[in-house]
Structure formats: structure tokens, C-alpha cells
Amino acid sequence: VSDAPLGTEERLETERIQAEGFQSEVVNADELFRFEQLPFDLIDLPATFSKFRKVVEKKPEIFPDIPQSIPDLTSSSEQPWADPSEWIEPLRTQISPETEVRTSGGEASALEHWQAYLSTRALSHYKVTRNALCGPTQSSHLSAWLAHGCISARQVWSDILDYERREGANESTYWLRFELLWREFFRWYLRASDWTLFRRRGPNGKDAGGDQNCQRFAAWSLGNTGCDIVDAAMRELNRTGWMSNRARQLVASHLVYESNLDWRLGAAYFESRLVDFDVASNWGNWAYIAGVGPDPRGGRIFNLNEQAGRYDPDQTYRKRWLQ
Ligand SMILES: Cc1cc2nc3c(=O)[nH]c(=O)nc-3n(C[C@H](O)[C@H](O)[C@H](O)COP(=O)(O)OP(=O)(O)OC[C@H]3O[C@@H](n4cnc5c(N)ncnc54)[C@H](O)[C@@H]3O)c2cc1C
């Protein structure tokens with residue numbers, strides 16, 4: 001049993017397993033909505049996030065399924081997963097002590113983190129804090145657990161609704177669900193655009209320019225561009241595997257519009273570094289910023305000096321990672 005694979009390689013692998021005669025079952029557990037719930041075919045997927053959101057928000061019958069527990073499969077001694085250490089080579093990844101929110105795998109750790117976040121009531125201020133470059137409760141920090149399937153988007157959605165009933169709903173509590181809809185949109189967008197999302201010209205077929213110059217790419221990836229906000233963020237990524245959403249937007253803007261590099265170099269580098277790498281969110285966001293994806297404005301160019309002044313006015317973030 002596996003989750004419906006999103007990436008091209010994973011899909012080909014699943015097809016190969018099926019072609020070799022192994023019995024396999026694919027389930028859709030990683031999206032908020034099941035395909036049958038969507039009021040359009042993939043080919044008619046709304047072209048932008050706003051249109052997608054309006055369609056799904058307008059129809060009360062499109063509602064994420066209530067999460068259910070699955071039967072305990074570990075009790076049978078014949079199951080190959082009875083002793084995972086026999087068939088999984090542990091990655092032994094070291095979590096950097098510099099990481100602001102220490103992420104370790106598994107559902108228990110995901111739930112512990114999520115419940116702790118809810119208990120701080122930071123969710124009630126999420127819309128105001130979510131663009132911060134650092135801070136353990138400025139955003140939910142759920143991305144790695146969501147990306148690895150330790151917690152489902154449906155569970156998070158359902159818990160937000162409970163929180164709203166208990167603590168009161170406001171723009172911030174809605175906004176975390178809004179961000180989960182972004183995640184959702186990119187998942188269906190990848191399915192609809194298939195391998196074209198990985199092309200230089202993206203699903204739009206538009207030429208974003210940029211080359212694959214090694215020196216400029218090395219400067220960007222190592223955090224040596226000379227633009228201090230970008231360099232600080234890249235060093236945070238290299239040392240911890242994480243970066244806030246705002247920082248991701250800024251370094252992506254720099255790679256495409258200032259380093260003049262092929263946007264796919266940035267996406268591939270993120271893929272190799274992020275602890276929360278998710279094929280749809282990563283490649284979808286990169287294509288969006290490069291203007292070859294679902295952005296109605298045709299790409300996002302950020303004024304990096306202005307952004308640094310706004311989000312790091314006393315340079316705390318830059319000093320921390322550039323020292
Ligand atoms: C260039 C670029 C690359 C990115 N690559 C990834 C990636 O590989 N994996 C990944 O999970 N996110 C990616 N994102 C989206 C976003 O930056 C992260 O999900 C977010 O920063 C994670 O922090 P959080 O869990 O505290 O988010 P919160 O702000 O607390 O949001 C809650 C959840 O909503 C989802 N979400 C939030 N923003 C977005 C978004 N813009 N697009 C899609 N989903 C979103 C995530 O699952 C996130 O965990 C990328 C964004 C950019 C601009």
C-alpha cells in the first residue's frame with residue numbers, strides 16, 4: 001500500500017512494481033481532497049491558485065475527509081515491517097544544533113510539536129507573524145512532518161477547526177488553512193502539468209532566461225553573492241536544511257533575476273538540501289517565481305534591499321548566519 005506517488009520517478013517505479021505482478025494498492029491520503037471531490041477534471045484545473053481556492057471554498061460539499069486511524073499492522077510477525085532495521089538502512093542524518101525547531105521523524109513527534117504549537121496560541125497571530133525570517137512559533141514549522149507523511153494535511157485542517165471552536169476563529173486561524181490550500185493546489189498542479197513542470201520553460205512554455213554558469217551558481221549556493229540577506233538565508237539552509245517561506249522567496253528571486261541562472265538549478269539545489277523537500281511545493285513555487293508556472297503576474301521579482309529592511313530591520317537574522 002502506498003500513497004499516490006506525485007513525482008515522475010516515483011510514478012514510474014510504482015508502474016514497474018505493478019507491471020512485475022506485485023499486488024499494490026495506491027491510496028490518496030496526502031491531499032486534503034480526493035480527486036472525486038473536485039468539481040473539475042485535471043485538464044480543467046483552474047489556472048491560478050486564487051481561482052482554485054474560490055472554486056473549492058464556494059462548495060461546502062468539498063470538505064477534507066475526517067482523519068481516521070489505521071489498523072495496527074505491526075502485530076503480525078509475517079509482516080516485512082516487523083523489524084524495520086532489517087530492511088531499512090538508517091540514514092543517520094545529524095540534526096544541526098543550530099536548527100530552530102528540531103525535527104525528528106514519526107507521527108508521535110509530529111503530533112507533539114503540533115499540539116505544543118497550538119497550546120502557545122500562536123495560531124491566533126499566524127497571519128501577522130508568518131513572514132518572519134526566524135522564530136520557532138512565527139509559522140507552524142510543520143512542513144517536514146507534512147512532507148514525510150508523519151502528519152496529514154487533513155489532520156491539521158481538522159485540528160484547526162477544533163481550535164477555532166475552542167479559542168475563536170479569526171483571519172490568522174483561517175490563514176493556516178489558506179496555506180494548506182496552496183500546498184493542495186501545487187499537488188494537483190503537478191499532476192495536471194506532469195513532467196512539463198521540470199522543463200526549463202515550465203508548464204507555461206515561457207522562456208525565463210538564465211544560464212547554468214558554475215561560478216554564479218557556486219556563489220549563490222554557498223551564500224557568497226554579496227547580497228547579505230540572500231547569503232544569510234543560503235547559509236542557514238546549508239547548515240540546517242531549513243529556511244522560512246519569505247527567505248525562500250528572496251533567494252529564489254535572486255537566483256532567477258539577479259544571478260541570472262536557470263531556475264531549475266535553484267529547485268534542484270533546494271531538493272538536495274531541504275529537510276521538508278516536497279516535489280510539488282518545491283518545483284511549483286520555483287516555477288511560480290520564475291514566471292513559468294501558475295503566476296498570473298508572470299513571475300515575482302523582490303526588491304531585496306527593501307525586503308531586508310522590512311523583515312530584518314535590526315539585522316539580527318543576517319548577523320546570526322553571516323558571522
Ligand atoms: C522557492 C520555494 C521552495 C519551496 N519548497 C518547499 C518544499 O520543498 N517543501 C515544502 O513543504 N514547502 C516548500 N515551500 C513552501 C513554504 O516555503 C514552506 O512550506 C514553509 O516555509 C514551511 O514552513 P512552515 O511549515 O512553518 O509553514 P507555515 O507557514 O506554517 O504553513 C503551513 C503549511 O502550509 C504549507 N505551505 C505554506 N506555504 C506554502 C507554499 N507557498 N506552497 C506550498 N505549501 C505551502 C506547508 O505544508 C506548510 O508546512 C517552498 C517555497 C518557496 C518560495
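Indexing begins at 1, ligand by ligand and atom by atom, following the structure's order.
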Check whether any N or O atom of [X], backbone or side chain, sits under 3.5 Å from an N or O atom of ligand 1, and answer yes or no.
X: Ser244; value: no
X: Asp278; value: yes
X: Ser140; value: yes
X: Asn245; value: yes

Go through ligand 1 atom by atom and flag the ones less than 4.0 Å from a non-hydrogen atom of [X].
X: Leu142; value: 25 (O), 49 (O)
X: Gln249; value: 53 (C)
X: Tyr126; value: 28 (P), 29 (O), 30 (O), 31 (O)
X: Arg183; value: 43 (C), 44 (N), 47 (O)
X: Ser143; value: 11 (O), 22 (C), 23 (O), 25 (O), 49 (O)

Trp145 and His113 aromatic centres sub-6.0 Å: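 Under 6.0 Å, so yes.
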
Identify the closest protein heavy atom to [atom]: which residue and atom is it, and at what distance?
atom: atom 43 (C) of ligand 1; answer: Ser281 OG, 3.5 Å
atom: atom 10 (C) of ligand 1; answer: Asp276 O, 3.6 Å
atom: atom 45 (C) of ligand 1; answer: Glu179 O, 3.9 Å
atom: atom 18 (C) of ligand 1; answer: Arg248 NH1, 3.9 Å
atom: atom 41 (N) of ligand 1; answer: Asn285 OD1, 3.4 Å

Residue list, side chain to side chain donor-acceptor pair (under 3.5 Å) with Asn131, at least two apart or on another chain: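 In terms of side chain to side chain donor-acceptor pair (under 3.5 Å), with neighbours along the sequence ignored, Asn131 is linked to Arg246.
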
Arg53 charged N/C atom sitting above Trp182 aromatic ring, 6.0 Å / 45°: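 Output no; distance or angle outside limits.
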
Review item, side-chain donor-acceptor pairs of residues 35-43, under 3.5 Å, at least two apart:
residue	atom	partner	partner atom	Å
Glu36	OE1	Arg34	NH1	3.3
Gln37	OE1	Arg34	N	2.7
Gln37	NE2	Phe63	O	2.9

Asp30 and its salt bridge (Lys or Arg N to Asp or Glu O under 4.0 Å) partner, picked from Arg183, Arg154, Arg191: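 Result for salt bridge (Lys or Arg N to Asp or Glu O under 4.0 Å) with Asp30: Arg183.
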
Heavy-atom nearest option to atom 23 (O) of ligand 1, drawn from Trp242, Phe186, Tyr288, Trp263: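 Closest candidate by heavy-atom distance is Trp242.
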
